Amino acid sequence: MKTEKSISNCVLLLSKEVNKKDQNGQFQLLPPLYPEDAYEPYMSSKTVQFHYGKHLLGYIENTNKLIAGTEFQDMTIEEIMLNSSDKLFNNSAQVFNHYFQFEALRPAKDKNEELPKKLKEKIEESFGSLEDFKKKFSEAAVSVFGSGYAWLLAGEDGKLEIMQTKNAENPLTQGKKPILNLDVWEHAYYLDVQNLRVKYVENFWNIVDWEKVEKRMLCEK
């Protein structure tokens, strides 16, 4: 077991829904929180169809196959991720990672970009300003070599920090508390901006749901 005490069920706000299984004991793809075109023009409906509807679905289906008849079949996605390795880890972690990102996106028409008070205070305390944070997070996302993620973490000391991970890796396996992530695998953006990862990151800031980020920051197991 990679960690005995985890806040994984807390930071994924949809954990209860994500972990519901059908009559055959299999995880199912949750319906998207918003219509597929809700993020346009910053993320196209086609990207949502493929990224959420096909890539995430594929990771769920692979996880179901890999846990069948094993010690993992009665575990949650978080428990599987924290206790597995190799193919099962890669697939279960990608289930978590994808839900985690889409959960913290808001429709483009929702123009409320004002940060909630406590999150604003922590960002300014940790990075100086929101713009400084965005710059540092964007640099981390753009500079991931190959496939991976950029993460915003809430430390035990109350300060926020930025972390890069490779492939399907997740900060929870290191006992860290993620509150925001950005997928920089090419499948996350190639249909919209081809190889222009910088543009993809710029677009991301227009659809971040800061209320969700603050909820994750404040949650306690």
Side-chain angles (χ1 to χ4, degrees), residues 1-33 36 47-105 144-156 163-190 212 215-216 219-221:
M1 189 171 185
K2 293 180 179 178
T3 179
E4 292 183 0
K5 291 184 178 180
S6 168
I7 37 75
S8 57
N9 296 18
C10 161
V11 293
L12 182 60
L13 304 175
L14 286 171
S15 178
K16 185 176 180 180
E17 291 81 2
V18 165
N19 284 297
K20 285 181 180 176
K21 296 180 181 178
D22 65 14
Q23 64 272 22
N24 297 315
Q26 296 200 322
F27 296 109
Q28 299 294 300
L29 177 67
L30 288 181
L33 289 174
E36 291 175 345
T47 285
V48 176
Q49 289 169 14
F50 277 85
H51 194 189
Y52 190 97
K54 295 188 182 298
H55 285 278
L56 172 54
L57 177 60
Y59 293 125
I60 292 171
E61 290 175 341
N62 288 337
T63 297
N64 284 328
K65 291 175 184 176
L66 291 166
I67 65 173
T70 73
E71 63 184 300
F72 299 100
Q73 65 183 1
D74 295 322
M75 292 185 183
T76 64
I77 285 293
E78 294 93 341
E79 289 169 340
I80 295 168
M81 175 180 70
L82 293 170
N83 290 279
S84 63
S85 59
D86 301 323
K87 287 183 180 180
L88 182 52
F89 170 77
N90 289 333
N91 282 277
S92 59
Q94 284 290 67
V95 173
F96 183 98
N97 295 348
H98 280 70
Y99 275 129
F100 195 77
Q101 174 162 329
F102 275 93
E103 177 180 77
L105 300 182
V144 172
F145 184 76
S147 300
Y149 291 82
W151 301 82
L152 178 63
L153 312 175
E156 292 183 0
M163 179 181 185
Q164 293 176 324
T165 58
K166 301 287 289 181
N167 301 317
E169 292 173 12
N170 184 297
L172 286 163
T173 64
Q174 301 178 35
K176 297 180 180 292
K177 180 182 180 181
I179 60 174
L180 178 70
N181 72 336
L182 180 59
D183 185 339
V184 292
W185 288 57
E186 282 197 344
H187 68 240
Y189 58 89
Y190 205 83
K212 298 274 184 66
K215 285 182 180 178
R216 291 168 172 174
C219 78
E220 295 181 5
K221 182 159 181 170

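When reading the values below, keep in mind they use all heavy atoms of this one structure, side chains included, and skip hydrogens, waters and symmetry mates. Computed from a prediction, not measured in an experiment: that's the story for all the values here.
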The reported gap from CG in D22 to CD in Q26 (rounded to nearest 0.5 angstrom) is 5.5 Å
| request: Please confirm whether the backbone N or O of L30 pairs with a side-chain atom of Y99, one donor and one acceptor, at under 3.5 Å? | output: yes
Value for CZ (F96) from CG (L12), rounded to nearest 0.5 Å, stands at 5.0 Å
Is there a donor-acceptor contact under 3.5 Å from the side chain of K177 to the main chain of C219? yes
Correct closest heavy-atom pair for Q73 and A68 would be OE1-C, 4.0 Å
Heavy-atom closest pair (P178 atom, F100 atom, distance to 0.1 Å) is O-CZ, 3.4 Å
In this structure, are over 12 heavy atoms from other groups packed under 6.0 Å from D86 atom CG?
no
By side chain to side chain contact (heavy atoms under 4.5 Å, CB included), V144 pairs with (sequence neighbours left out) Q164, V184, R197
Exactly one candidate in L182, T165, L180, L172 meets side-chain contact (heavy atoms from CB on, under 4.5 Å) with W151; the answer is T165
| message | With a sphere of 6.0 Å drawn around NZ of K21, does it hold more than 12 non-hydrogen atoms of other residues, nucleotides or ligands? | response | yes
dist I77:CD1 -> L82:CG (nearest 0.5 Å) comes out at 11.0 Å
**Prompt:** Taking it one step at a time, do N97 and D183 satisfy side chain to side chain donor-acceptor pair (under 3.5 Å)?
**Reply:** CA-CA 8 Å; N97 295 348; D183 185 339; over 6 Å; no
- Task: Kindly say whether T63 contributes a backbone atom to a donor-acceptor pair with the side chain of N91 at under 3.5 angstrom?
- Result: no
Nearest heavy-atom contact between N181 and Q101 is OD1-CA, 3.1 Å
- Are E103 and R216 ion-paired here, with the side-chain N under 4.0 Å from a carboxylate O? yes
Closest heavy-atom pair, E78 versus S8, reported as atoms and distance to 0.1 Å, is CB-OG, 3.2 Å
**Asked** Taking the side chain as C-beta and beyond, is there a heavy-atom pair between V18 and F27 under 4.5 Å?
**Response** no
Worksheet item: Short question: side chain of N167, backbone of N90 - any donor-acceptor pair under 3.5 Å?
Response: no
- Task: With the side chain counted from C-beta on, respond yes when L33 and K212 share a heavy-atom pair under 4.5 Å apart, and no when they do not.
- Result: yes
When rounded to the nearest 0.5 Å, the distance separating NE2 of H98 from NE2 of H51 is 3.0 Å
Taking every heavy atom of W185 against every heavy atom of A168, the minimum-distance pair comes out as CZ2-N, 4.2 Å
Subject >> Parallel, tilted or perpendicular, as decided by the 30° and 60° cut-offs, for the rings of H187 and H55 >> reply: parallel
In terms of heavy-atom contacts, F89 and N170 come closest through CZ-N, 4.4 Å
Residue set satisfying ring-ring contact (aromatic ring centres under 6.0 Å, His included) with F72, at least two apart, ordered chain then number -> none
The reported gap from CG in N83 to OG1 in T173 (rounded to nearest 0.5 angstrom) is 11.5 Å
Separation between OG (S84) and CD1 (I80), nearest 0.5 Å, reads 7.0 Å
* Using a cut-off of 6.0 Å, state whether more than 12 heavy atoms not belonging to K166 lie near its atom NZ. => yes
